[in-house]
Amino acid sequence: MSKAEDVSKFEQQRQEKLSRIKELGIEPYGNRYEGTESAENTKSGFKDDDTNQQAKCAGRIVLLRDIGKLIFITLRDRSGTIQVGLSKKLLAEQWELVKLLELGDIIGASGQLGKTKTGEITIWAEQVVLLSKCLLQPPEKFHGLADIDQRYRQRYVDLWANPEVMELFKTRSAIVTTIREFLTSRGFLEVETPMMQTIAGGAAAKPFITHHNTLDMDLFLRISPELFLKRLLVGGMEKVFEINRNFRNEGLSRQHNPEFTMIEVYEAYADYNVMMDLTEEVISLCLEKHAGGKQIRFGELTLDFTRPWRRAKYADLLKEYAGCDIDDIEAVRAKARQLDLDETQMDDMVVINEVFEATVEDKLVNPTFVIDYPAPLCPLTRQTKDDPKYAERFELFIGRMELANAYTELNDPAIQEENFHIQLRGQQETMATMDSDFIAALKYGMPPAGGLGIGIDRLIMVLTGAESIRDVVLFPLLRPAKT
RNA sequence: GGAGGCGUAGCUCAGUCGGUAGAGCAACGGCCUUUUAAGCCGUGGGUCGUGGGUUCGAGUCCCACCGCCUUCACCA
């Protein structure tokens, strides 16, 4: 960064142009501008045989080529770009304004639609309106804005200077819409539950703490909506979902942003198998509608989404990749030591999970459902029918990342209350924080249900090939910029 | 929090062994009515992230700090 003095030098030049525009009696910040068509629609609507086709577009000047008495401008709008030809002959009275236009200004232009010698569809402007003056230097026209720091801090510039960034966020929006439509068309009700909670439950994570002044009480930003959505099952909302932010006060990484978007889905009378099918179906639908094929490049990896996706038991994967039997705890502990893990202060289950995470997770590149987790690791999950050591839970891994987590919900209040007291040694956080109102809800009777959570940001990552969560979050958390 | 890397003009980037700070784009002044990252002629632009230190001399070497990236820790 350079001195404010230098920055303002360029700004001053633009301020001077602004003054000259005002001297022409022109308001440099326009108002409502009606009757426009998008750039891409305008171009696709062009007919060669129609010699009197009018067009009207608005957008930001991203390229400007001044040939003297003729200026070519490339306008960028939400849809793409279109060329505007500004001719002195056609714009006699507006020519003075037109000569003052510069990169970054937002203008509206209308006139006859035609083609240039080289065949580019062009609006030959008869009317030009300055809609907003740009007072700061836009980034370089060819390379765009490349500095990662600045791209995140000034996403408002990144979005129009780098069209692929705009594309990605349009895709993100479309994927969320697809998920929403998929669920609502199947009778799911979209709801919103508290983001500020008095007990941060439903997941194992450190919460953010905030304070309500009038009530004079601390509140937690939610780490999960789970316990509230299950209350809705008790209330009779049999198929519900919520798409919203969770907050976890933990480290940042390529896969972790402190606030991230989750969808949670609950279906009464279903179980984790139903949720597994639903997960595979909805992600495949998103892939089909919004991605380039069943194979997606993800950094060094190629993710193959061809169905059916692998479904493998937790214990079998442990055997496969760690080479030890889940029931042979000494073998697992030996493996832990081999991995340089200090297992002495950990409960058996914690050791098993540490070994699992260290040996299995980074092998799971193509979509893989890991099913039947050890029950003690799953205090909110129903045990499997044939073996109480395991819980009816799956996690979906794609590209070495955990994307989804689901289970057959525990609806026995006695077992749930007991599980809320579990604190495994070696676990820093526990998802078993006592919530007695939730127990009360269960005592009224919660239908058996399947529940599912999908990390939306990570889903967008694997579907678009973006390797960093910051590339799929519009405004990722950063420290304040240097002064 | 630990480790490693990066920070040079508005933007994208060069900068050799420690010896007066460079290019392209953008800007400014000219020319140009069919350009496509338009072209041509000319001009200006820098406390090299910040602060110390070593040195006759620091963008370059050393230390601290700030920010970003990667990685580890953390984190289902």
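Values in this document were obtained by computation on a predicted structure and should not be read as measured data. Below, read A as the first sequence line, B as the second, and so on, with proteins coming before strands; counting in each chain starts at 1.
- Considering only side-chain atoms of A:Asp149, the nucleotide from B:A26, B:U33, B:C68 that sits closest is B:C68.
- Mapping A:Gly119 and A:Ser87 onto RNA chain B by nearest heavy atom places A:Ser87 at the nucleotide closer to the 5' end.
- Between B:U12 and B:G7, the two P atoms lie 13 Å apart (nearest whole Å).
- Among the nucleotides B:C32, B:U35, B:C13, the one closest to the side chain of A:Ala146 is B:C13.
- Atom CG of A:Asn249 is separated from atom C1' of B:C74 by 11 Å (rounded to the nearest Å).
- Residue contacts shown for A:Asn353 are absent, as no nucleic acid heavy atom lies under 4.0 Å away.
- Per the geometry, NZ belonging to A:Lys99 stands 16 Å off C1' belonging to B:A27, to the nearest Å.
- Rounded to whole angstrom, the span from the CZ atom of A:Arg76 across to the P atom of B:A37 amounts to 13 Å.
- Atom CG of A:Leu135 is separated from atom P of B:G10 by 17 Å (rounded to the nearest Å).
- Set against B:C28, B:C68, B:C75, the side chain of A:Ile148 has B:C68 as its closest nucleotide.
- Heavy atoms of A:Arg248 sit nowhere under 4.0 angstrom from any nucleic acid atom.
- Among the heavy atoms of the strands, none lies under 4.0 Å from A:Arg151.
- Listed pair A:Lys89 / B:U34 fails the phosphate criterion, with no side-chain N or O lying under 4.0 Å from OP1 or OP2.
- A cation-pi arrangement, defined by a distance under 6.0 Å to the six-membered ring centre and an angle within 45 degrees of its axis, is present between A:Arg60 and A:Trp160.
- Distances were taken from every side-chain heavy atom of A:Arg153 (C-beta onward) to each of B:C68, B:A37, B:C32; the shortest belongs to B:C68.
- The nearest whole Å value for the distance from the CG atom in A:Leu339 to the P atom in B:C72 is 14 Å.
- The gap from the P atom of B:C48 to that of B:G53 amounts to 16 Å, rounded to the nearest Å.
- Per the geometry, CD belonging to A:Glu140 stands 12 Å off C1' belonging to B:A23, to the nearest Å.
- A salt bridge links A:Asp435 with A:Arg231: at least one charged nitrogen is closer than 4.0 Å to a carboxylate oxygen.
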What verdict does the ring-ring contact (aromatic ring centres under 6.0 Å, His included) test give for A:Phe208 and A:Phe220, after you've listed the backbone C-alpha separation in whole Å, the side-chain angles of each residue and the deciding distance to 0.1 Å? CA-CA 6 Å; A:Phe208 287 93; A:Phe220 300 105; over 10 Å; no
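- Using a 4.0 Å heavy-atom criterion, one finds that A:Tyr373 contacts no nucleic acid atom at all.
- In this entry the distance linking NE2 of A:His143 with C1' of B:A23 reads 12 Å, nearest Å.
- Residue contacts shown for A:Lys69 include a base, since a base heavy atom lies under 4.0 Å away.
- When heavy atoms are screened at a 4.0 angstrom cut-off, A:Gly144 is found touching the sugar-phosphate backbone but no base atom.
- For the C1' atoms, the distance from B:A14 to B:C25 is 15 Å, rounded to whole Å.
- Base pairing of B:A27 is made with B:U43, judged by Watson-Crick or G-U wobble geometry with both donor-acceptor distances under 3.5 Å.
- If you measure from atom CG of A:Leu103 to atom C1' of B:G10, you get 12 Å, rounded to the nearest angstrom.
- Counting non-hydrogen atoms under 4.0 angstrom, A:Lys115 reaches nothing in the nucleic acid.
- Here A:Lys389 pairs with A:Asp387 in a salt bridge; the nearest charged N to carboxylate O distance falls below 4.0 Å.
- With hydrogens and angles left out, the side chain of A:Glu120 and the base of B:U34 share no donor-acceptor pair within 3.5 Å.
- If you take atom C1' in B:A64 and the same atom in B:U54, they sit 15 Å apart, rounded to whole Å.
- Comparing the C1' positions of B:C66 and B:G24 gives an interatomic distance of 30 Å, to the nearest angstrom.
- Among the protein residues, A:Leu63 comes within range of the sugar-phosphate backbone only, with heavy atoms under 4.0 Å from sugar or phosphate atoms but none that close to a base.
- Residue-nucleotide stacking is present for A:Phe142 and B:A37, judged by a side-chain ring centre under 5.5 Å from the six-membered base ring centre and planes under 30° apart.
- Looking at heavy-atom distances under 4.0 Å, A:Gln255 makes no contact with the nucleic acid at all.
- Atom C1' of B:C69 sits at a distance of 15 Å from the matching atom of B:G49, rounded to the whole Å.
- Separating the P atom of B:G4 from that of B:C40 is a span of 47 Å, rounded to the nearest Å.
- Residue A:Phe10 has its side chain nearest to B:G44 when only B:U35, B:G67, B:G44 are considered.
- B:G10 and B:G44 are spaced 14 Å apart, taking the C1' atom of each and rounding to whole Å.
- A:Asn353 and A:Tyr373 share no side-chain donor-acceptor pair at under 3.5 Å.
- Map A:Leu477 and A:His256 each onto its nearest nucleotide of RNA chain B; the residue landing nearer the 5' end is A:Leu477.
- Residues passing the salt bridge (Lys or Arg N to Asp or Glu O under 4.0 Å) test with A:Arg311, sequence neighbours excluded: A:Asp277, A:Glu280.
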Mind running salt bridge (Lys or Arg N to Asp or Glu O under 4.0 Å) on A:Asp147 and A:Arg153 for me, showing each step along the way? CA-CA 10 Å; A:Asp147 184 71; A:Arg153 289 185 199 283; over 6 Å; no
